[in-house]
Every structure is written in structure tokens, then in C-alpha cells.
Number of protein chains: 2
Amino acid sequence: MAVTLGQVARHAGVSLATASRALNGSARTVGDGLAARVRASAEELGYLPNAPAQALARATTATIGVLLHDIADPYFGALAKGATDTAADAGLLTMVLNTGGDPEVELRCIRMLHAQRVRAIVLAGSGYTDPAATAAIDAALALYRAEGGAVTAVTDHGAEYDTVLPDNRGGAAALTRALLEQGYRRLAVVSGPERFRVSAERLAGVADALAEVGLTLDQMPQERTEFSRIGGRDAVGRLLGRLPGAEERPEVVLALSDVCAVGVLAELRERGIDVPGGIAVAGFDDIPLAADLAPALTTVGMPLQRMGAEAVGLALSRQDEDASAPARTVRLPVAPTLRASTGTP
Amino acid sequence: MAVTLGQVARHAGVSLATASRALNGSARTVGDGLAARVRASAEELGYLPNAPAQALARATTATIGVLLHDIADPYFGALAKGATDTAADAGLLTMVLNTGGDPEVELRCIRMLHAQRVRAIVLAGSGYTDPAATAAIDAALALYRAEGGAVTAVTDHGAEYDTVLPDNRGGAAALTRALLEQGYRRLAVVSGPERFRVSAERLAGVADALAEVGLTLDQMPQERTEFSRIGGRDAVGRLLGRLPGAEERPEVVLALSDVCAVGVLAELRERGIDVPGGIAVAGFDDIPLAADLAPALTTVGMPLQRMGAEAVGLALSRQDEDASAPARTVRLPVAPTLRASTGTP
DNA sequence: TGGTCTCGGGAAAGCGCTTTCCAGGGTGAA
DNA sequence: TTCACCCTGGAAAGCGCTTTCCCGAGACCA
């Protein structure tokens, strides 16, 4: 059915080898006349190379894989944009896989990408805290790397991987410090699921800043929930359920992810609690629409698109060099952005 | 380097054919004992099939491609989520390509996906109005379909494709009607780029509703701009620049995409114009955060994730049937959602 | 009991490419 | 003029898998 290279070669009156060299590049050169004839034949017949066949013959594909929790989440959307665009610039196609934040799904996805022989796998979701899950994933990735695959992580997945590392802990500390400076003392923390490493990192940053003014995390009301809008709603609902009196209420709710904070804002609005007058709210990530929310969300700015781009960049540069070179880490600064949801300083 | 099926076969003491049949499925069955032995060997050696090799031998891959303007845009993010999840359920991997809304890029992307021999291509972006661009894309897709590829479109790309068709025109008319019923008469319309078909469809819907009360589009201030936050900001800036007097100002700005409306809101906020008190604002699409904006955005609800899912579903069902069956269209209802940005009815 | 099926196994022929290896002709140096 | 190269083109050997085709062994029927 499809036009093959062989047909192009016959049409141009050359050998298969020459056609391949003329069309799809090679170390060897082809005479100008023949090359032109081959290209003309390819054009005329509408030849398109068969990528799987090329992959088999070359023992390498022109694809990479990106693993993330949920492509519809604006955090991952921005990350994916940076990754796919950088890949496209390098002539690579990107497979995007939603893991839902489930380590078992992630493991299966890694195996699928390995089977596809993608050149690189970008771990864009959070690392997991469960040692068993991490071990299984590490084992699958080790196999993949042993066969020449590159792996890079966005946020901490282990020291053995090239990593793009935004300063989650420092950012959380800086945001908390800013809130403390504004005079807030009763801070409620809505953190992410325990299974994600990033939750602990951010929580640790909050604790760091609290300690500087003689406070501890234990003194603060806390809720754990999924990194989602619904998660944020539920968490603040539980929080206010536990603390019905107006005087027990936290002065500010610090949600450790913006999509969560969006849910927090929605729930407070529904309960008729003014933000920031009744309770202030802060988030984390600075997703694209954070500044446009009602009210504009105080958060911690992360260069999301750049993180995705750097992750792919690390993977591609790894291809060229010695595969066994030590893992590199690109540290990215993050900084709190104060907006209306925490009142005017 | 990698473990091959041949190694597994040797390790299990069977032929290549038997190993293939036992591990990767086939019409033929393999005896229980042998099959178990082969599976055990595969497990022990850590065998992972080489997908490109399978693709070559089977003449079909387990991948699909999704073309969209920008994966970081929440509209396309939701669409992509529906598409990737549905594909994953069918055991397929999804390649996501950003076209930036450029027909030339789209053409190149189609060729790349064709070269990859993906099973299906989902056109998730808007169709183009330029006949030359459309012709080139149609030609590339025709080639792809001639070789058994399935093509489905979200929104109109031409009658020859299986299509998921939200009622853009009807939705725009319904929204406009609702605004007129609220008493608004001076409607400014911020529409999308002329090169996208969807712009014209939505604009036509607005015109339909205006006509019902004896108004025409020509009487209304209009701006064309990109479907982006910045586009919305710029458009409303130009609009207000042209209409400096408070009495000339539109009563409501109807942006024909939510991300645009977000920019409109931001610009009005910056200029100190109250929404909806000074100027009301409405959008289109009902992106996930539309209800959480400042103020909550009146818009037209589209089942984005479902649209992505249906598109992939159409493509997959097409595989099973006669490839030359007539194109199907799944029409999806859309409905206006009135929120605070247009005031209380 | 002979003949016809069916079933499970293996050998081998591809799938569409890339790349090695070989051959022949032209070039420059001796 | 000869030898040693280099350069370009073609033949052919794979890449790792699926699938056809063939074969022998039982099962089943008459």
C-alpha cells in the first residue's frame, strides 16, 4: 500500500542503498545528479519514510516520553509545553502519558516507553515516598538506562537521575516567611498526599520558616489532600468543620499547590467567608491563571515551562556524551509572589 | 544489548515462533506447559518487546497522534486529557504535537505522524479558512487515510472526516440571547483569528441572536485577536482606545474564547474598570478555572474532556469497520453558563 | 484399521529500512 | 606507467519481530 524506499529507488533507477543515503541522510555522500533524481522520485511518488522500520534498522527512535500526573492540570500542562516544544525543536516526537500519580501506573508506563525504545523518559510528576514503589520504578528505569535510554526528573526522584530541581523547600520557607512578616500567626497548612515527595519538601520549608519565629508545624491545623481542586475544597471543609468557632479559625490557609488553593477559594466563597478579610489564602506553583483568580492568588512562582524544557535539554545532552557521566542537577530558583489573596502587606 | 525474543526462546528451549505466540498473542494457541516456560524465561531475562520491530512486522503500531494548538492552553489540556486517557484504555500511546495554530506546522506534523504510522490522527485544533492551507492538509491526510490511517476532527475540518462537533454557532447564539435578555444592547465582540473556522462559526451565532432583536454585528464594536490571554488584553485595550468616552463604551465584552476573556478581565482590572458594574464580560469554552476567576466568568460550557474522548473513540471504532464507511458526526450540545462577570440576571 | 482432521510446534520468509562490504573508476604521487 | 588511494554506487546482510507454510502426532469417524 504505502510507497516504500524500494519503489522510489526503482523509479529513480538507483539502488536501495543510494536512495536511502540520498533521502534519509548518512555519513556517505551521494552524487548531486543522482541525489536530485532520487529526491524528485520521492516527491513524485509521495514517499514518506517508515519510522518504525528506520527505528529498527538504526536501533534508535526519534521519540521521547513524558510521564506526568494529569495533562489537564495547568501545572503539568505548562511543564508539558516546555518539554514538547524543546523536543520538537530537536526533531523528536513526544509521547505524553498520564499516570494519575499512581506508582503502579507509572511503572507500567515506563515499561511501555521502554518497549517503544524512546530516546528519553522525562519524569515530570513527583517522586514517591513509598520505598517499594520507588524500588520497582528504579529497577525498570535502570534496565532502560542500561540499554542507552536517558532519564531526567523534574523535582527529586533520586540522585541517580539528571534532575531539574526547583527549590521547593526554600520556596515554601520564603512564602511562609512573607506571611509571617505580614503578621499572620495562625497558619493552616493544606499539604499534598503523603505518597509524593514534593509534599514533604514543601512542608519542610514551611516548618523551617515557622521555626525562625519560634513556632512549629504541630501548632498549626493541617490537612492532607490530593493536589486537585476538589481536594482543596474537601480539605478546607474538614478544616472548618474541626474549627467551628470564628476565633479558632486560621488567619491564613496555605495550600501547597495552586490547584488546591483554587478549591480552597471556591469553598470559602461558597461559605461566604471573605478572602483575605475572613481568611487569607496562599498557593504554590504560580500556574498561569493564578493572577486572574478571585482574588488574585498569592503563591510561589515556578518557571514551569522552562522546567519542562530544561528536562528535555538535559536528556538530549546526555545522548551525546558518555552515558555513564555523573548525574547533573539544574537548580532553579523560585520566589513567592504576593497578591490580593493574602491582603496588602 | 537489549534482551530479544530470540534469547527468550533459546532460554526456554523453544522456537522463535512459539515464543512470539506465547508472549505477544496470536491467533494460534501454545500448549500450557510451553507457554508457562516461555513466560518464566521472559520474566527472568527481563524481556520487553521491541515495539518498532513489532510495528514493522505487524504493519501497525500501538500509537495515535493528537494535533493541537498549545498543550498549555487549558482548552486543549482538557481535550488532550480525554484523548490520552481513552487511548490508554485501548492500550495505545499518544503523541501530542503543538502546532501553534499554524497550518504549515500542522502539515509537517501530519507528515511526521504518517511516517510514524500512528493508527489515528486527531485534529484537535480549529480548521483553517485558507483554502490553500486546507487543501495541502487534506491532501496529506488523504494519503494517510489511503494507507489505513483514521482521522477524526474536533470541530469542523471538512465533511470527509469523522467529526466531534460541539454546536459552536448555537452556543454563541444562546449566550448572546441570554445577554440580550439581561438587557445588554451595546455588545463588543472580541473574536478569534480569521484563519480559524471556529471564529467564524461563533461569530455567526452571535449574529443570529442579534438578528432576532433587530440588531446586526456591524453595529457592534469588534476586535479580532489571537485566542490567548495577551490577545484578550490587547483587544480590549484597542477597543477602549477607539472608544474613549464612557458613554460609547460597550456594556458587555463578549470574548469568543475563555483564555481571551481572562485577558480582557485582567486589562479591565488594571484600568480600574469594574466588572460587571462598568463593563460586563463573557467568554466561551468553560475552561476548568472559569468559575474561579475574578469575577466568575459567564461562558459557554463545552464538554471538553468528553470531546477528546469521543474523538479517539470515533477513530478506534473506524479501525474495526469498513474503512470506507461514510464519515460520522457526533454532535455535542453546549449551553451558556451565566456567572458573576455579566451581573445577576 | 485406514483415512481425514485438527492441533501444537518449528523453519523460514519477509516487514522497510540502514549499513557494511565489495567493486570499479578516477586521481595524485612516484 | 604504475601503485595506492579515495570516492561513489550497488549487493546483501541484518535489525527483532510476526506469520505463513510445513510436518508429525493424536483424535475421530466410518
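Since the model is a prediction, treat every value here as computed from it, not as a measurement. A, B, ... follow the sequence lines: proteins, then strands. Residue 1 opens every chain.
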What's [X] touching, base or sugar-phosphate or nothing? Going by heavy atoms closer than 4.0 Å.
X     : answer
B/T4  : sugar-phosphate
B/P49 : sugar-phosphate
B/A59 : nothing

> Relative to the 5' end of DNA chain C, which residue comes earlier, B/A57 or B/D32, by the nucleotide with the nearest heavy atom?
Replying inline: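 Comparing both residues, the 5'-ward one is B/D32.
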>> Let me spell it out: for each of A/A53 and B/L34, pick the nucleotide of DNA chain C with the closest heavy atom. Which residue's pick is nearer the 5' end?
In response: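 Looking at the nearest nucleotide for each, B/L34 comes out on the 5' side.
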> Is the shortest distance from a Lys or Arg side-chain nitrogen in B/D130 or B/R195 to a carboxylate oxygen in the other one below 4.0 Å?
Replying inline: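 B/R195 and B/D130: not salt-bridged.
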>> Under a 3.5 Å distance rule, please check whether B/R145 uses its side chain to pair with a backbone N or O of B/V151 as donor and acceptor.
In response: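 A pair under 3.5 Å: no.
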> For the ring pair A/Y47 and A/H11, is the centre-to-centre distance below 6.0 Å?
Replying inline: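 Judged by ring-centre distance (under 6.0 Å), A/Y47 and A/H11 do not meet the cut-off.
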>> From CG of A/L5 over to P of D/dG10, roughly how many Å is that when rounded to an integer?
In response: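 One finds 12 Å between P of D/dG10 and CG of A/L5, rounded.
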> How many Å lie between CZ on A/R28 and P on D/dC7, as a whole number?
Replying inline: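 Interatomic distance, CZ of A/R28 to P of D/dC7: 10 Å.
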> Where do B/L141 and B/Y161 land on the side-chain contact (heavy atoms from CB on, under 4.5 Å) test, with the steps shown first?
Replying inline: CA-CA 10 Å; B/L141 288 174; B/Y161 307 112; 3.4 Å; yes
> Which nucleotide of DNA chain C is the first, and which the last, in the 5' to 3' direction, to come under 4.0 Å of a heavy atom belonging to chain B?
Replying inline: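 Terminal contacting nucleotides, 5' to 3': C/dG8 to C/dG16.
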>> Between A/R318 and A/T152, do the side chains contain a donor N or O and an acceptor N or O under 3.5 Å apart?
In response: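 Judged by distance alone, the side chains do not pair up.
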>> Less than 4.5 Å apart, side chain to side chain, heavy atoms only: is that true for A/V105 and A/C109?
In response: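 Heavy-atom side-chain distance check passes, below 4.5 Å.
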